[in-house]
Every structure is written in C-alpha cells, then in structure tokens.
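Reviewing the structure listed below.
Letters A, B, ... are given to chains in the order of the sequence lines, protein chains preceding strands, and every chain is numbered from 1.
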Amino acid sequence: MKTYGETPSSTRTRKRVGIADFAVTADGAVLTTSGLGSCLGIGFHDDRAGVAGLVHVMLPTAPDEPTNVAKYTDTGIDAVLNAMYDEGATADDVTAKLAGGSAMFEFDSQDESIGARNVATARSTLDRHGVPITAEDIGGSSGRSVRFHGDTGTLHVKSAGDERRL
Amino acid sequence: MRVDIQSLGTYNRLAQEGAEHAAASLTEMTGIETYVDVTNVTLMSKKDVEDVFGGTEFVGVQIGLGGGLSGETALAFDRDSAASIVDVLVPGTTTDDDGGFDEMARSGVKEIGNIMMGGFVDGWADYLSTSVDMTPPTYVERAGTDVLPNGALDRAEEEHVFVFESQMTAIDEEIDAYIYMLPEYGAFAEMLEASDDHEDAIPMDKLTVFDEMTRQGAERAAENVSSMTGFETDVDVSRLSFVPIEDVPNTTRDEVYLGTVMEFKGTPGGYLAILFDEPSARTLVDATVPMELDDPLGDMGESAIQELGNIMTSGFIDGWANVLQTSIDHTPPELVHDLGTAILSPIAGRLGQSQEYAFLMDSTVVTPEGEFNCEIYAIPDERKLKEALDSLLIERSDQLEANRESLF
C-alpha cells in the first residue's frame with residue numbers, strides 16, 4: 001500500500017501510512033497510521049534537518065529479496081532511514097520513537113509474540129544504525145493508532161480510549 | 001483445473017498497481033489526495049455479486065476490454081463522491097430534480113473515468129506484453145449490480161465469477177471510489193492454470209466447495225445468534241477473496257469492534273474472528289442482558305458478547321465440520337474490544353510468517369430491520385487449506401465408490 005503526494009508541498013499537511021508502508025516528510029506534515037496490533041509503528045525525527053518519517057511494519061525479519069521492504073521491521077527501518085537521508089537527514093541526528101507491538105491474544109502469547117519480536121528486531125536494527133530510541137509505548141494487549149508530528153517529532157498514541165503524548 | 005497461487009498473486013499485484021495509477025490520475029486531475037485502500041480478487045457466486053452491489057446507488061463509467069485481456073470493467077463512485085469530483089472538474093454544472101447530473105457533469109465523469117481506467121489497464125498490458133483495447137466509456141447512474149456492464153453476469157456461464165475490486169478513499173474528504181474488473185472467466189482461468197505437477201497449486205473446483213463451507217458456517221452462526229437473541233437474521237454476503245497478507249487487516253473498517261477471535265488447529269488451520277461494531281454490540285447487549293446497564297459495553301456487556309461469540313463460533317465450526325466431515329479443533333474464543341485493523345493484525349502477522357497472500361472468507365450477518373450486523377472473517381493457513389482441499393477430493397471420491405458398490 002502506498003500513499004500519494006510523496007513530493008513535499010506546503011499545502012499537504014497530513015499523510016496516511018498504511019500497513020507495510022512508510023512516508024517521509026521534509027515540510028512538517030503530520031504522519032498518521034492506525035490499527036497497530038502486533039504491528040509496530042516507528043517514528044523518526046531529525047530536528048536539525050527538519051525531516052521526519054513513519055513506518056508501519058508487520059513482521060520482524062525480511063526473507064531474501066522481499067517484495068515489500070516496508071512489511072518487515074529490519075528492512076522497513078533501512079528503507080525509511082535511506083529515504084530520510086535523501087531528504088537531507090543525517091545519521092547522527094536521527095532519533096526514533098516506537099509504538100505498538102502488543103500481544104492481543106493468548107494464541108499469540110505462548111512463545112514470543114509477533115509484537116515482542118517486532119520490538120526486539122527494531123531495537124537491534126536501530127542500534128546497528130546508531131539511532132537512539134527516545135520514547136516508546138509498546139506491548140500490552142491493546143491496539144494503537146498514532147499521529148506523528150513531522151515538525152516537532154511528537155508522537156500521539158491513542159489506545160483503548162486513552163491518548164498519550166510521547 | 002488447478003490454479004497457480006503465485007499467478008493469482010501476480011494478477012492481484014497488477015490490479016493493485018493499476019488502481020494506484022488510477023488514484024494518482026484522480027489526485028492529479030482534482031487535487032483531491034486519494035489512496036488505494038484495498039485490492040482483492042474475489043471468487044463470488046452470481047448471487048453474492050448481487051448482494052455486494054445491492055442497494056447502493058452508483059455513478060460511474062463502464063468500459064469493456066478486449067485484445068490481450070478480455071472482460072468488463074466499471075469505475076463507480078457513490079453519488080455524493082461523484083458530486084464532489086464533478087464540482088472540482090466542471091464547476092457550475094447542475095443537477096436535475098432527481099439529483100441527476102447534466103450533460104456537462106456526465107462528460108466530466110466520463111473523462112475522469114476514461115483516464116483512470118486507462119491507468120488501471122496499462123500495467124496489465126505491459127505485464128502481458130500485449131495491447132489491451134478499451135471501448136469508449138459508457139456513463140452509468142444506477143443502483144446495485146446494474147452498475148456492472150449489461151449482461152456481464154448473465155453471460156458468465158459458470159456459477160462463480162472472478163471479480164477484481166479496488167477501493168479508493170480520499171484522505172481529507174468523504175470520497176469513495178471503486179474499480180471493478182470482471183475478466184472473462186474462461187480466458188482468465190487459462191491464464192491462471194497451473195501445470196499438474198505444480199506444488200503451489202490449488203484445485204479450483206474445490207475452492208468453490210470452500211466458499212460453500214463458509215456460507216454454511218455463517219448460516220449456522222446466524223441461526224445460533226437468532227435463537228439466543230430473538231432477532232431474525234440472514235447471511236448477506238459470503239465471499240472468498242485473495243489478498244496480500246498485509247491487506248488482511250484493512251478488510252475491516254477503521255472503527256472499534258467487539259467480538260471473539262480463535263485459532264483453528266489441525267486441518268484446516270487458521271483463524272476465525274466474529275466481530276460486531278459498537279452500535280450493533282450495544283443493541284445485542286440490550287437484547288440479551290435482562291437489566292439496564294450504565295455502560296452497555298462494560299464488563300457485563302463484554303461477557304454477553306463473549307457468550308454470543310462462543311455460540312456463533314460453534315455454529316460456524318459445525319458448518320465447516322459438516323462439509324469436511326471431520327471434527328475441528330480450536331482454541332477457546334477470546335474476547336476482543338479494539339480497532340478492527342488492530343484485531344486482525346496479529347492474525348495477518350502469524351500467517352504472514354509463511355505466506356505472502358491470504359484466502360480470506362468474509363461473511364456478514366444482518367437482520368431485516370438493520371438492528372445489528374456481524375462480520376465473520378475466516379482466514380485459513382494456506383498450506384493447511386491445500387491439505388484440506390486435497391483430502392476433500394479423496395473423501396468425496398471414496399463416497400462415490402461406496403455408493404457404486406452398494407448398488408450391486
């Protein structure tokens with residue numbers, strides 16, 4: 001699933017990120033994604049360059065030659081960071097916030113849930129890129145929807161009737 | 001005939017890319033930012049096609065395809081969406097007393113339809129290395145299945161038809177558009193046909209049996225909910241679609257549901273979700289809990305929904321077991337109260353570890369007066385589904401043998 005209007009434009013202020021999808025903004029757009037269950041949403045922000053990105057990944061690690069890199073945590077992080085570097089972000093200035101990765105059902109909780117594995121893969125991949133995690137709202141048994149403000153890097157998380165600001 | 005799953009996947013991707021081109025054209029021409037919500041290939045009985053389209057009024061265009069890809073297409077907007085688009089394209093056009101569009105508005109719809117469908121078809125022509133001919137667009141303003149090209153269903157000789165469906169939505173406005181393509185069954189079946197030794201193939205005729213299983217399962221579930229609540233119910237739609245695994249969560253609407261989810265064990269393995277939107281859940285809680293509740297969707301209400309989910313699950317499973325003539329093991333149904341997409345995401349995630357696409361069987365249980373509706377999603381594990389279909393073939397032929405013997 002792709003969103004349209006990837007070209008920066010001052011008139012476009014909101015971009016929707018689907019499942020297995022990402023978006024990058026260099027003009028402070030609000031990036032949104034909903035329905036994060038075991039999926040993981042990762043918001044990236046480079047304050048100095050004014051570039052931000054949001055990815056909604058579904059599974060921990062990609063197979064060889066994945067058809068959609070944004071479906072997997074490891075390749076999804078690579079893809080959104082590369083797209084941000086193309087927009088002028090630099091590796092040293094990017095920080096990340098995580099939301100999602102819950103275990104909603106018993107049948108998904110026995111060994112290690114998909115959500116927990118997504119979070120673990122995100123930590124190791126971000127560590128490899130040298131990107132620090134500055135906030136997180138992960139785990140539990142409820143789904144989440146997020147709004148990520150590209151200008152400030154603020155992540156609003158809505159879950160089970162609550163709204164939190166990271 | 002056996003169908004190659006990978007080629008079904010390829011055609012689904014072509015339809016998705018085609019719809020993205022079409023959405024981009026719409027954005028370019030109107031400035032309304034749109035995205036493609038979901039694209040699926042559905043194998044539907046003719047009756048279900050009628051159910052899916054029933055009751056909605058569409059405005060749009062029909063375009064026939066010939067050459068390398070033969071079939072019928074329709075681009076449909078609901079009436080309000082069409083009005084918003086026409087307003088941008090040809091400002092100042094008028095509608096008649098019935099809310100119909102004038103000549104200028106109609107030609108605006110035809111023009112955008114032609115451009116969008118041109119974008120939709122291009123990728124197919126490239127992939128098939130051939131040219132695809134398009135008839136000039138015909139403007140249509142109709143209700144229900146009539147938006148489909150004249151006779152498209154009558155001409156379909158088989159009981160089932162393939163329908164490619166893409167849904168497009170605008171980001172900031174209430175605009176919904178749909179692209180439908182009904183490829184000519186025979187020609188498309190040939191495109192899908194797998195060689196006999198293809199290990200990734202699914203027997204086509206057995207797939208329609210599975211469609212029947214889903215209908216039976218949904219009907220039993222509906223009967224159970226009727227006897228518990230006193231509401232008369234009906235299964236409105238039951239269809240089998242083939243979607244990329246990451247699109248599975250998007251088949252629900254972006255709203256909060258209450259219901260139950262459970263995992264099938266053995267053959268066929270997979271998942272079953274029985275979901276009520278919150279207004280429906282409130283209605284059912286009122287009908288089944290004998291006292292007035294402060295919060296109908298609090299703990300008491302949730303346990304009433306859990307109970308309904310349990311009995312509907314057992315009805316559904318009876319329906320499946322009846323067709324498969326086997327018992328089906330499963331985990332206890334678990335209560336869930338969350339966004340629909342979040343509910344289906346762990347299911348998509350677990351299946352996505354071993355498959356790229358999913359066969360999704362969705363049914364909707366409704367009541368004649370519209371008091372509530374219930375969405376039932378059955379998503380089998382692809383490998384287990386193949387095993388189940390193969391053994392279905394064997395069991396049925398065994399029965400045939402036995403019957404023959406009993407004649408003598």
- Yes or no on side chain to side chain contact (heavy atoms under 4.5 Å, CB included) for B/Glu246 and A/His56, after CA distance, side-chain angles and deciding distance? CA-CA 11 Å; B/Glu246 58 265 41; A/His56 181 151; over 6 Å; no
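The CZ atom of B/Arg350 sits 9.0 Å away from atom OG of A/Ser113, with the distance rounded to the nearest 0.5 Å.
Both the backbone and the side chain of B/Ile245 come within contact range of chain A, each with at least one heavy atom under 4.5 Å from a heavy atom of that chain. For a residue to count as touching a neighbouring chain, one of its non-hydrogen atoms must lie under 4.5 Å from one of that chain's; by this rule A/Ser159 does not touch chain B. In this structure, chain B has a heavy atom under 4.5 Å from the side chain of A/Ile114, while its backbone stays farther away.
In this structure, B/Ser345 and A/Ser38 approach most closely via the heavy-atom pair OG-N, 3.1 Å. Listed here is the closest heavy atom pair of A/Glu106 and B/Glu334: N-OE1, 2.6 Å. Closest heavy-atom contact between B/Ile343 and A/Phe105: O-CE1, 3.5 Å. When all heavy atoms are compared, the tightest approach of A/Asp108 to B/Pro346 is OD2-CB, 4.0 Å. A pairwise comparison of heavy atoms in B/Pro249 and A/Ile19 identifies CB-CD1, 3.4 Å as the closest pair.
When the shell of 6.0 Å around CZ of B/Arg253 is examined, it contains more than 12 heavy atoms from other residues, nucleotides or ligands. Within 6.0 Å of atom CZ in A/Arg48, 12 or fewer heavy atoms from other residues, nucleotides or ligands are found, so the atom counts as exposed in its surroundings. More than 12 heavy atoms of other residues, nucleotides or ligands lie within 6.0 Å of CD in B/Gln353, so this atom counts as buried by the packing criterion. Taking a 6.0 Å sphere around CZ of B/Arg383, one finds it holds 12 or fewer heavy atoms contributed by other residues, nucleotides or ligands. Around atom CG of B/Asp299, no more than 12 heavy atoms belonging to other residues, nucleotides or ligands sit under 6.0 Å away.
For the pair A/Lys71 and B/Glu356, the minimum side-chain heavy-atom distance is below 4.5 Å.
The most heavy-atom pairs under 4.5 Å with chain A, out of B/Thr331, B/Asp338, B/Leu339, B/Leu335, come from B/Asp338.
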